[in-house]
Amino acid sequence: MLQLSYIQDNTEDVLKRLAIKNFKDAERIINSVIELDNNRKAAQRQADDTKAEANALAKQIGEMMKSGKKDDAEVLKAKTAELKLNEKQFDETLKNIEAEIYKLLVTVPNLPNLTVPVGKTPEDNEVVNQHGAIPVLHAAATPHWELTTKYDLIDFELGVKLTGAGFPVYKGKGAKLQRALINYFLDKATAAGYNEVQVPILVNADSGYGTGQLPDKEGQMYHCQVDDLYLIPTAEVPITNMYREVILKESDLPIKNCGYTPCFRREAGSYGKDVRGLNRLHQFDKVEIVQIVAPENSYKTLEIMREFVCSLLQELELPYRTLKLCGGDMSFGSALTYDLEVWSTAQARWLEVSSVSNFETFQTNRLKCRYKDANGKTQLAHSLNGSALALPRIVASLLENNQTEEGIKIPKALVPYTGFDMIN
RNA sequence: GGAGAAAUGGCAGAGUGGUCGAUUGCGGCAGUCUUGAAAACUGUUGAACCGUGAGGUUCCUGGGGUUCGAAUCCCUAUUUCUCCGCCA
């Protein structure tokens with residue numbers, strides 16, 4: 001959520017940057033917000049003044065009661081009755097205005113960093129770099145959804161029986177590969193200084209609002225209506241919300257947490273060949289890294305996080321490329337996002353396996369996650385997160401790229417975790 | 001699931017209708033002393049909003065109510081604890 005004071009002081013800049021994000025209606029909404037905020041200030045002054053007067057009278061009445069001047073007190077009591085009426089009305093007005101401002105503000109996306117490429121579609125994303133050689137496969141090579149059947153690693157149909165499409169059942173070496181990847185990713189994150197946490201995978205609406213999934217992504221999350229809880233679409237939600245309504249000390253920063261969770265996404269509106277096999281699932285596993293940092297360090301931190309994710313891909317010997325997302329392709333709350341994509345050789349396409357973002361104060365403003373700086377001033381921290389990594393597409397790429405006529409080779413870095421070096 | 005008790009500042013813990021944003025202790029910060037540190041002593045120490053400022057308003061788990069006036073009384077939600085029951 002954008003800060004009101006920033007919108008007031010930098011209206012031009014806000015509009016300019018919302019345009020980069022292709023946010024429609026920016027001018028109308030921002031102007032409404034500014035007008036409402038001005039009304040808010042006026043309403044608060046009225047309310048405050050009325051209360052100050054009533055407080056003063058109450059104090060006088062107290063003193064009169066003590067000194068036995070009951071009749072004088074009665075006169076003042078009558079006076080306060082009117083004030084009380086006004087007070088109620090002003091409070092009501094103030095509350096309504098504040099609610100209106102909030103309602104508008106939560107629909108406004110974050111301002112993109114000025115280096116974000118202008119554009120509307122994934123084609124406008126900027127390719128930052130590409131790493132690793134594209135493998136050449138043998139003649140009988142197949143996409144991963146055939147490999148998983150051939151080696152009995154994943155049973156998609158069984159998942160349909162148990163739950164529905166997009167909920168695969170991992171079996172045998174397929175299941176062990178999942179567990180190996182999770183442990184491998186967590187160990188690497190720990191070695192990089194992240195503190196491992198295990199968090200609930202159901203969260204309340206406050207948490208959904210805190211990190212920006214609500215109201216923006218309402219329809220994309222599974223919602224348990226009986227208890228009004230949401231299945232998390234990413235571990236970012238609970239891990240970042242740990243710092244909701246928290247005031248940190250400067251010495252607490254940077255906070256670095258990592259965690260494994262299953263993730264749930266309804267993927268309403270997805271269709272076609274893109275959803276084949278492991279490409280797009282309703283339930284998948286992911287290790288997430290999250291940092292809370294001082295504002296002046298957030299962009300340096302973003303690069304470090306991106307490099308960390310790259311190092312994982314390199315160790316797994318997967319060809320990958322880095323994209324800097326354009327304004328139109330960035331997520332709602334992000335100021336700058338890098339996507340990492342691995343090459344899926346049998347499908348001959350890039351698959352997104354990680355998204356690393358700096359949210360600046362967008363989430364922390366909603367979360368009220370602040371810290372006391374060196375001067376003792378309380379200010380909003382910056383939050384960042386990244387997938388490190390999402391499993392399904394990594395598995396797809398590993399299986400496809402490493403297939404040989406003898407079977408599928410496991411990358412060296414992973415063998416200590418799987419306990420086998422070949423799937424055949 | 002049933003019965004009871006409780007929720008106060010970073011923590012502990014006073015306060016049961018009128019200068020209470022809240023006694024006090026610990027912790028934190030600053031200073032005195034010291035070569036330095038510790039100890040001792042002194043001071044200071046919550047957040048949000050409005051206001052150029054002086055200052056004002058709000059917040060004692062959340063929400064509602066009673067009252068001229070509520071941390072204090074009432075209702076309600078949530079959470080925690082104790083006892084009983086059930087159970088991975």
Side-chain angles (χ1 to χ4, degrees), chain A residues 1-9 33-106 198-210 214 224-230 238 241-253 255 292 361 363-381:
Chain A
M1 190 159 67
L2 302 184
Q3 291 171 264
L4 269 173
S5 56
Y6 190 85
I7 295 176
Q8 284 278 15
D9 299 342
V33 165
I34 288 173
E35 193 187 326
L36 284 166
D37 189 42
N38 293 337
N39 293 345
R40 180 190 125 254
K41 288 178 183 178
Q44 174 158 2
R45 207 166 322 151
Q46 278 183 313
D48 284 0
D49 288 349
T50 312
K51 283 177 191 173
E53 207 177 321
N55 285 347
L57 284 179
K59 203 174 263 182
Q60 279 183 43
I61 292 171
E63 279 159 17
M64 287 172 177
M65 298 298 251
K66 256 187 199 163
S67 55
K69 297 181 198 157
K70 284 226 163 125
D71 295 343
D72 293 348
E74 287 305 320
V75 174
L76 288 188
K77 273 193 195 181
K79 230 170 151 185
T80 49
E82 191 191 340
L83 285 177
K84 235 188 108 184
L85 267 175
N86 292 340
E87 196 183 309
K88 220 170 196 170
Q89 200 185 323
F90 292 143
D91 274 346
E92 189 80 10
T93 308
L94 188 60
K95 220 164 111 183
N96 288 341
I97 294 175
E98 280 173 347
E100 243 177 291
I101 292 176
Y102 183 76
K103 231 163 97 188
L104 284 178
L105 228 41
V106 290
Q198 203 173 90
V199 290
I201 58 177
L202 278 167
V203 295
N204 56 31
D206 282 346
S207 293
Y209 275 94
L214 290 175
C224 303
Q225 291 183 0
V226 186
D227 298 295
D228 196 20
L229 296 173
Y230 295 85
N241 270 280
M242 297 196 312
Y243 303 93
R244 172 149 48 87
E245 279 150 54
V246 167
I247 300 180
L248 298 155
K249 287 178 287 200
E250 194 173 37
S251 58
D252 294 333
L253 303 178
I255 285 172
I292 311 280
T361 59
Q363 293 183 327
T364 53
N365 189 31
R366 292 177 171 220
L367 294 163
K368 296 195 174 60
C369 169
R370 294 154 294 175
Y371 78 104
K372 258 197 196 354
D373 67 17
N375 302 321
K377 211 182 138 218
T378 305
Q379 58 169 315
L380 294 172

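By convention in this document, chain letters (A, B, ...) are assigned in the order of the sequence lines, proteins followed by strands, and residues within each chain are numbered from 1.
One interatomic measurement links the two molecules: OH of A/Y371 to P of B/A47, which rounds to 15 Å at whole-angstrom precision. Distance, A/L380 CG to B/A48 C1': 12 Å, rounded to whole Å. Summarising the geometry, the separation between CD on A/E98 and C1' on B/U58 is reported as 11 Å, rounded to the nearest angstrom. Spacing between atom CD of A/E92 and atom C1' of B/G64 amounts to 13 Å, rounded to whole angstrom units. Nucleotide B/C49 holds its P atom 22 Å from the CZ atom of A/F90, rounded to whole Å. What separates CG of A/L94 from C1' of B/C59 is a distance of 14 Å, to the nearest Å. Here B/G65 presents its P atom at 12 Å from CD of A/E87, a figure rounded to the nearest Å. Taking atom CG of residue A/D91 and atom C1' of nucleotide B/G63, one finds them 15 Å apart after rounding to whole Å.
In terms of position on RNA chain B, the residue among A/A81 and A/G62 whose nearest nucleotide sits closer to the 5' end is A/G62. Mapping A/D37 and A/T378 onto RNA chain B via the closest heavy atom, the residue that lands nearer the 5' end is A/T378.
Separating the C1' atom of B/A3 from that of B/U61 is a span of 23 Å, rounded to the nearest Å. Comparing the C1' positions of B/U23 and B/U80 gives an interatomic distance of 26 Å, to the nearest angstrom. Distance noted for atom P between B/A7 and B/U16: 13 Å (whole Å). Taking atom C1' on both B/C41 and B/A48, the two are 36 Å apart, rounded to the nearest angstrom. For B/C60 and B/A71, the P atoms lie 7 Å apart once the distance is rounded to whole Å. Atom P of B/G62 sits at a distance of 16 Å from the matching atom of B/U78, rounded to the whole Å. Nucleotides B/U67 and B/C74 have their P atoms positioned 16 Å apart, rounded to a whole Å. The separation of B/G69 from B/U19, taken at their P atoms, amounts to 15 Å, rounded to a whole angstrom.
Backbone-only engagement by A/K95 is indicated by non-hydrogen atom pairs under 4.0 Å involving sugar-phosphate atoms exclusively.
B/U34 makes up no base pair with any nucleotide shown, lacking Watson-Crick or G-U wobble contacts both under 3.5 Å. Under the Watson-Crick and G-U wobble criteria, each requiring two contacts below 3.5 Å, nucleotide B/C29 is paired to B/G43. With both pairing distances under 3.5 Å, B/C60 is matched to nothing as a Watson-Crick or G-U wobble pair. Both distances falling under 3.5 Å, in either a Watson-Crick or a G-U wobble arrangement, occur for no nucleotide opposite B/G53. Under the Watson-Crick or G-U wobble criterion, with both distances below 3.5 Å, B/G1 is paired with B/C84. Of all nucleotides present, only B/A6 satisfies the Watson-Crick or G-U wobble test against B/U79, with each distance under 3.5 Å.
Contact between the side-chain N/O atoms of A/T80 and the OP1/OP2 oxygens of B/G69 is not found at any separation under 4.0 Å. Contact annotation: A/K372 side-chain N/O to B/A47 OP1/OP2 distance is under 4.0 Å.
We find the CG-CG distance between A/D206 and A/L367 to be 10.5 Å, quoted to the nearest 0.5 Å. Distance check: A/R45 CZ to A/L94 CG gives 12.0 Å after rounding to the nearest 0.5 Å. For the atom pair A/L248 CG and A/L253 CG, the distance stands at 5.5 Å (nearest 0.5 Å). Rounded to the nearest 0.5 Å, atoms CG (A/L85) and OG1 (A/T50) are 11.5 Å apart. To the nearest 0.5 Å, the span separating NZ on A/K372 from CG on A/D252 amounts to 12.0 Å.
Using a 4.5 Å heavy-atom threshold, the side chains of A/V33 and A/L36 count as separate.
Side chains of A/S207 and A/N204: a donor on one and an acceptor on the other come within 3.5 Å. In the model, A/D373 has a side-chain atom that pairs as donor or acceptor with a side-chain atom of A/Q379 under 3.5 Å.
Ionic pairing of A/E87 and A/K84 is not present here: no N-O contact between side-chain nitrogen and carboxylate oxygen is shorter than 4.0 angstrom.
Of the residues in residues 41-61 of chain A, those lying under 4.0 Å from RNA chain B by heavy-atom distance are A/K41, A/Q44, A/R45, A/D48, A/K51, A/A52, A/N55, A/A58, A/I61.
Distance from the side chain of A/K84 is smallest for B/U67 among the nucleotides B/G46, B/U67, B/C50.
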